[in-house]
2 protein chains.
Amino acid sequence: MAATRPYANAYDLLRESGLRPTRQRLALAKLLFDGTDRHVRAEQLHGEALADGIRVSLATVYNTLHQFTEVGLLREVIVESGRAYFDTNISDHHHFFCENSGELRDIPADQLAIARLPDPPAGKTVKRVDVILHLADLED
Amino acid sequence: MAATRPYANAYDLLRESGLRPTRQRLALAKLLFDGTDRHVRAEQLHGEALADGIRVSLATVYNTLHQFTEVGLLREVIVESGRAYFDTNISDHHHFFCENSGELRDIPADQLAIARLPDPPAGKTVKRVDVILHLADLED
DNA sequence: ATTCTATATTAGAATTATTCTAAGATAGAG
DNA sequence: CTCTATCTTAGAATAATTCTAATATAGAAT
Ligand SMILES: [Mn+2]
Ligand SMILES: [Mn+2]
Ligand SMILES: [Zn+2]
Ligand SMILES: [Zn+2]
C-alpha cells in the first residue's frame with residue numbers, strides 16, 4: 001500500500017476534485033499527500049516547494065490550501081490567534097497543541113469521545129467539532 | 001445576588017488579583033464583570049469604553065485583557081484565525097461558534113462531556129481543553 | 001496545430017489583529 | 001510629599017493573510 005506513482009495520484013486527485021491540474025497544484029499536492037499525515041502552515045509549505053525547486057508564489061500556496069480545503073482534501077485547524085494549520089488527515093480525530101513548540105499532534109478518534117453533544121440553536125447545524133488539548137511543559 | 005456596588009467590586013477584584021486598581025483597569029473591569037457572561041473582543045471593549053466616556057488606549061485594552069487572563073479573571077477563546085475572544089465565564093464550559101455572525105455562545109459543562117481523555121505526551125500537561133462546535137446555517 | 005477564453009498565477013500593495021517601543025504619567029509605599 | 005516601580009499611550013512595527021489587477025496557462029473549440 002506504498003504510494004506508487006505519486007504524480008498520477010496527484011493528477012487524479014485534482015481531476016476528481018474538479019481542480020485544474022496546474023503545475024503548482026500538482027507540485028503542492030505531491031508535497032502534501034505523500035502518504036503521511038501532516039499539519040502544515042502556508043509559509044512552511046511554500047518553503048518546502050521552493051527548496052524542491054518548484055516556483056510558486058505564497059499567494060498561490062494560500063489559494064491552493066483553501067481550495068484543497070473546500071473540496072475536502074484538507075481540513076483547517078485553528079489553535080492560536082493568527083495561525084492556521086492545514087491537516088492532511090481528514091478523518092474524524094482531534095488534536096494536542098503544544099504552545100511551546102507550536103506542534104500539532106493527532107489524537108485518534110478512538111482515544112477521545114464526546115458524550116451528549118448539545119443540540120445546535122434553531123436554524124443551524126454543527127459543521128465541525130474541534131477539540132484541542134492545549135499542552136504546557138510539566139515543570140514542578 | 002444582583003451586582004451591588006460595582007465600583008467597590010471592581011476595586012476589590014483588582015486588589016485581590018494583585019493588579020493596581022488604575023482608572024483604566026477599574027473602568028474595564030466594571031464593563032466586563034457586570035454580572036452577565038460575556039465574550040468580548042478587544043476592539044469591541046475599547047469601543048464600549050470610549051462610548052462611556054472612558055479615555056483608554058487600545059494597547060491598554062489588550063494589556064488589560066491579557067493581564068486579567070493571566071490572573072484568572074478571564075479566559076481566552078480561540079475560534080478563528082486572527083480573532084481572540086475573552087470570556088468572562090471562567091467556569092468549565094464549551095462553545096458554539098457561528099461562523100456567519102461571529103457570535104460565541106456558551107455550552108454549559110453538563111450539556112457536553114468528554115469521555116476518555118487521552119494521556120498527554122511525556123513531560124507535558126493538559127492545560128486547557130477547548131471544544132468548539134462550529135455552526136453553519138441550515139439551508140436545504 | 002492554432003485560437004480563444006475561462007481560469008489560474010503572481011508581485012506587490014493592502015488589510016487586520018496584535019504587539020512593541022520608548023516616552024510620559026500615576027499609584028502608593030515610605 | 002517624594003520617589004520609584006508600575007502603568008499608559010501614541011505611533012511604529014510585525015505577522016499572517018487577503019486583495020488587486022496584470023500576465024500566463026489549461027484545455028475546449030475550431
Ligand atoms: Mn481560511
Ligand atoms: Mn494572547
Ligand atoms: Zn490532525
Ligand atoms: Zn464562554
Side-chain angles (χ1 to χ4, degrees), chain A residues 7 10-29 31 39-50 53-71 73-74 76-86 97 99 102 104, chain B residues 7 10-29 31 39-47 49-50 52-71 73-74 76-86 97 99 102 104:
Chain A
Y7 189 94
Y11 189 91
D12 293 349
L13 208 61
L14 292 177
R15 297 312 304 271
E16 282 160 27
S17 304
L19 293 169
R20 277 195 187 170
T22 64
R23 180 172 55 75
Q24 291 86 341
R25 284 178 184 153
L26 282 166
L28 295 175
L31 285 173
H39 300 103
V40 271
R41 315 224 38 234
E43 195 81 55
Q44 172 196 344
L45 182 62
H46 185 230
E48 287 178 24
L50 295 189
I54 298 152
R55 283 186 16 277
V56 60
S57 72
L58 182 57
T60 295
V61 173
Y62 274 107
N63 290 341
T64 302
L65 287 171
H66 283 131
Q67 289 151 357
F68 285 7
T69 302
E70 273 158 34
V71 301
L73 294 176
L74 290 176
E76 202 175 348
V77 184
I78 306 294
V79 282
E80 243 188 0
S81 190
R83 262 193 150 169
Y85 289 78
F86 292 87
F97 176 62
E99 296 185 355
L104 262 191
Chain B
Y7 188 93
Y11 189 92
D12 292 349
L13 208 61
L14 292 177
R15 297 312 303 272
E16 282 160 28
S17 302
L19 294 169
R20 275 196 190 171
T22 64
R23 181 172 55 77
Q24 291 86 342
R25 283 178 185 153
L26 282 166
L28 294 175
L31 285 173
H39 300 103
V40 272
R41 315 221 41 230
E43 196 81 54
Q44 172 197 345
L45 182 62
H46 185 230
L50 296 190
D52 270 26
I54 297 152
R55 287 189 8 278
V56 60
S57 72
L58 182 57
T60 295
V61 173
Y62 273 106
N63 289 341
T64 303
L65 288 171
H66 283 129
Q67 289 153 355
F68 284 8
T69 302
E70 273 159 32
V71 301
L73 294 176
L74 291 176
E76 201 175 348
V77 183
I78 306 295
V79 282
E80 242 187 3
S81 192
R83 266 194 149 169
Y85 289 78
F86 293 87
F97 176 62
E99 296 185 354
L104 263 191

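In the text below, chain A, chain B and the rest are named by the order of the sequence lines, each starting its count at 1. Just so it is clear, the model here is predicted, and its values are computed rather than measured.
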Any [X] side-chain nitrogen or oxygen under 4.0 Å from OP1 or OP2 of [N]:
X       : N      : value
B:Arg83 : C:dT18 : no
B:Tyr62 : C:dT19 : no
B:His66 : C:dT18 : no
B:Gln24 : C:dA25 : no

Residues 17-24 of chain B, side-chain donor-acceptor partners within the protein, below 3.5 Å, at least two apart:
from	atom 1	to	atom 2	distance (Å)
B:Ser17	OG	B:Leu13	O	2.7
B:Thr22	OG1	B:Arg25	N	3.2
B:Arg23	NH1	B:Arg55	O	3.2

Mind calculating the distance between [atom1] ([X]) and [atom2] ([N]) to the nearest angstrom?
X       : N      : atom1 : atom2 : result
B:Leu14 : D:dT6  : CG    : P     : 17 Å
B:Gln67 : D:dT9  : CD    : C1'   : 14 Å
B:Arg55 : D:dA10 : CZ    : C1'   : 13 Å
A:His46 : D:dA16 : NE2   : P     : 14 Å
A:Ile54 : C:dT9  : CD1   : C1'   : 15 Å

key: Counterpart residues, ring pair (Phe, Tyr, Trp, His ring centres under 6.0 Å), relative to B:Phe68 (two or more places apart)   =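 Only B:Phe33 meet the ring pair (Phe, Tyr, Trp, His ring centres under 6.0 Å) criterion with B:Phe68.
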request  = Using the test ring pair (Phe, Tyr, Trp, His ring centres under 6.0 Å), find all partners of B:His46 that sit at least two apart in sequence or belong to another chain.
outcome  =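 So B:His46 forms no ring pair (Phe, Tyr, Trp, His ring centres under 6.0 Å) with any residue.
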Taking side-chain hydrogen bond (donor to acceptor under 3.5 Å, both in side chains) as the test, write out the residues that go with [X], two or more places apart.
X       : answer
A:Glu99 : A:His134, B:Lys127
B:Ser57 : B:Thr60
A:Arg83 : A:Glu80

note = With sugar-phosphate taken as primed atoms, P, OP1 and OP2 and all else as base, the protein-contact string of nucleotides 25-30 of chain D at under 4.0 Å (heavy atoms; B, S, -) is BBS---
query = For nucleotides 11-16 of chain C, read 5' to 3', which letter fits each nucleotide if B means a protein heavy atom sits under 4.0 Å from the base, S means only the sugar-phosphate is that close, and - means neither?
reply = S-----
Residue pair B:Ala49 / B:Val56: nearest heavy atoms and the distance that separates them =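 That closest heavy-atom pairing would be CB-CG1, 3.7 Å.
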message = Which residues pass the salt bridge (charged side-chain N to carboxylate O under 4.0 Å, His left out) test with B:Glu70, not counting sequence neighbours?
response =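 Not a single residue meets the salt bridge (charged side-chain N to carboxylate O under 4.0 Å, His left out) criterion with B:Glu70.
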